[in-house]
S.K.: 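Quick one: this structure, given as structure tokens, is what I'll be asking you about.
Note that the structure is a prediction, hence the values are computed from the model and not measured. The first residue in the sequence is number 1, and the count goes up from there. Hydrogens, waters and symmetry mates are skipped; everything else that's a heavy atom, side chains included, is used.
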Amino acid sequence: MASLNTDSRGSRRIQFTDIDGRRKTIRLGDYPLKTAETIKTRIEYLLVAQQTNMAIDLDTAKWVASIGDDLADKLAAVQLIPKRETTTKTLGPFLKEYVEGRQDVRPDTKVTWRHVKSNLLEYFGASKALQTIMEADADAFKQHLIKKGLAMATIAKRLQVCRMMFKAAMRAKYISVNPFQGVSAPATVRADRFFFVTREMTQKLLDACPDVNWRLFVVLGRFGGFRVPSEACSLRWQDVLWDQNKIVVQSPKGERYGKGERIIPMFPELRPILEEAFEQAQEGDVYCVEKFRRFAVGKTGWVNCSLGSRFAKIIKRAGLVRWPRLFHALRASRETELAAEWPLHIVTAWLGNTPKIAMKHYLMVTESDFQRATQKATYSVTQKATTHPAAKIRRESQE
């Protein structure tokens, strides 16, 4: 399909016939024979893709992305590949345009993206050309994140964002192959990140809270299964259906999945604190925690509340030891409690997640499970089977 020739001066050229039947020549110059043969093979693959009107194979696409501009220009001149952009896109400007230009995501999502952006710029540098980032570089970047001591779940999430960003670079024709496509990490959940907040601990937290706003945060998370701060700060007084014993939960996280709200029972533990907060609310207050709502909604979204450090002080004041994932532990403890009493499909409908996510990230085996298992025997190990004596005569019936 293509032929490789070498003249008397050692200059090599590749000749082929294009899909229109025209004879074309690519002059390589003084290339090593092995390199020239590789180029010839790739040209044949490109010709087959044109003749069959199919996309080029992945290996050839990687090869095209890796060749220099001089050879790329020669291939473009004979219409084997598209002409490369004269301006090379670098990593820094691309990431800035992508993160700030996306208007279809929530501010807190962009916070996560900015963490990934910082990691990429720290490792590659802002002036790194996108088309020079290869798969081996992406693998090395993963090892860089591991070396930083990040949790595997965090690394998995950041690599997922990298794949998404570089996929956008492909659509923009900055690169022809996504170097992060095959780079991932198992999103394992560490057992030491689970913590069950008992009811006794919750009472100590409530006693240590400085005001009703904080008591409301605690009971909404621990007994209502609210996400704190996003869902707790989104709770409006109109969502508290006193006469129906129900609460409408506004879920900013669920909006992107078409689950912007859900309805939960007004569990008995919630009503006293809600009534206390309602009595102390100012006239015209819309949100149940109006005080923190003003800080919650900002350019960076819900993380702007800075509740974690304050909650850690309350935990210390309560005489408790700080646990991992402070607010998540409250919500996970409530889901674990409910799952022991109600079918899982009901529990997940109340908590706003799925059975798969609940099993992986929320449900725990508690000490009370062991106590109940040892206290409630299902059968007696000393019980023996009752036997009957055999009948003396076959015709006699056995008593």
S.K.: With a 4.5 Å cut-off on side-chain heavy atoms, are E276 and L216 touching?
M.R.: no
S.K.: So, is the end of the R114 side chain (NZ or CZ) under 6.0 Å from the ring centre of Y98 and within 45° of the ring's axis?
M.R.: no
S.K.: Return the minimal non-hydrogen interatomic distance between C162 and V116, and the atom names on each side.
M.R.: SG-CG1, 3.6 Å
S.K.: Output all residues satisfying side chain to side chain contact (heavy atoms under 4.5 Å, CB included) with A126, sequence neighbours left out; order by chain, then residue number.
M.R.: L121
S.K.: May I ask you to check whether Q143 and D139 show a side-chain donor-acceptor distance below 3.5 Å?
M.R.: no
S.K.: For the residue pair R325 and F194, would you count it as a cation-pi contact if the rule is NZ or CZ under 6.0 angstrom from the ring centre and within 45 degrees of the ring axis?
M.R.: yes
S.K.: Which label fits F311 and F327: parallel for a plane angle under 30°, tilted from 30 to 60°, or perpendicular past 60°?
M.R.: parallel
S.K.: Would you kindly say whether T60 and R42 are connected by a side-chain donor-acceptor distance under 3.5 Å?
M.R.: yes
S.K.: Do R12 and N5 get their side chains close enough for a donor-acceptor pair, meaning under 3.5 Å?
M.R.: no
S.K.: Is the NZ or CZ atom of R334 positioned over F267's six-membered ring, under 6.0 angstrom from the centre and within 45° of the axis?
M.R.: yes
S.K.: Could you tell me how the ring of F94 sits relative to the ring of Y174: parallel (under 30°), tilted (30 to 60°) or perpendicular (over 60°)?
M.R.: perpendicular
S.K.: Just do the side chain to side chain contact (heavy atoms under 4.5 Å, CB included) check on V183 and F166 with the steps written out, would you?
M.R.: CA-CA 12 Å; V183 183; F166 279 80; over 6 Å; no
S.K.: Which value, rounded to the nearest 0.5 Å, describes the distance between T336 atom OG1 and M364 atom CE?
M.R.: 3.5 Å
S.K.: Angle between ring planes, F180 versus F141, binned at 30° and 60°: parallel, tilted or perpendicular?
M.R.: perpendicular
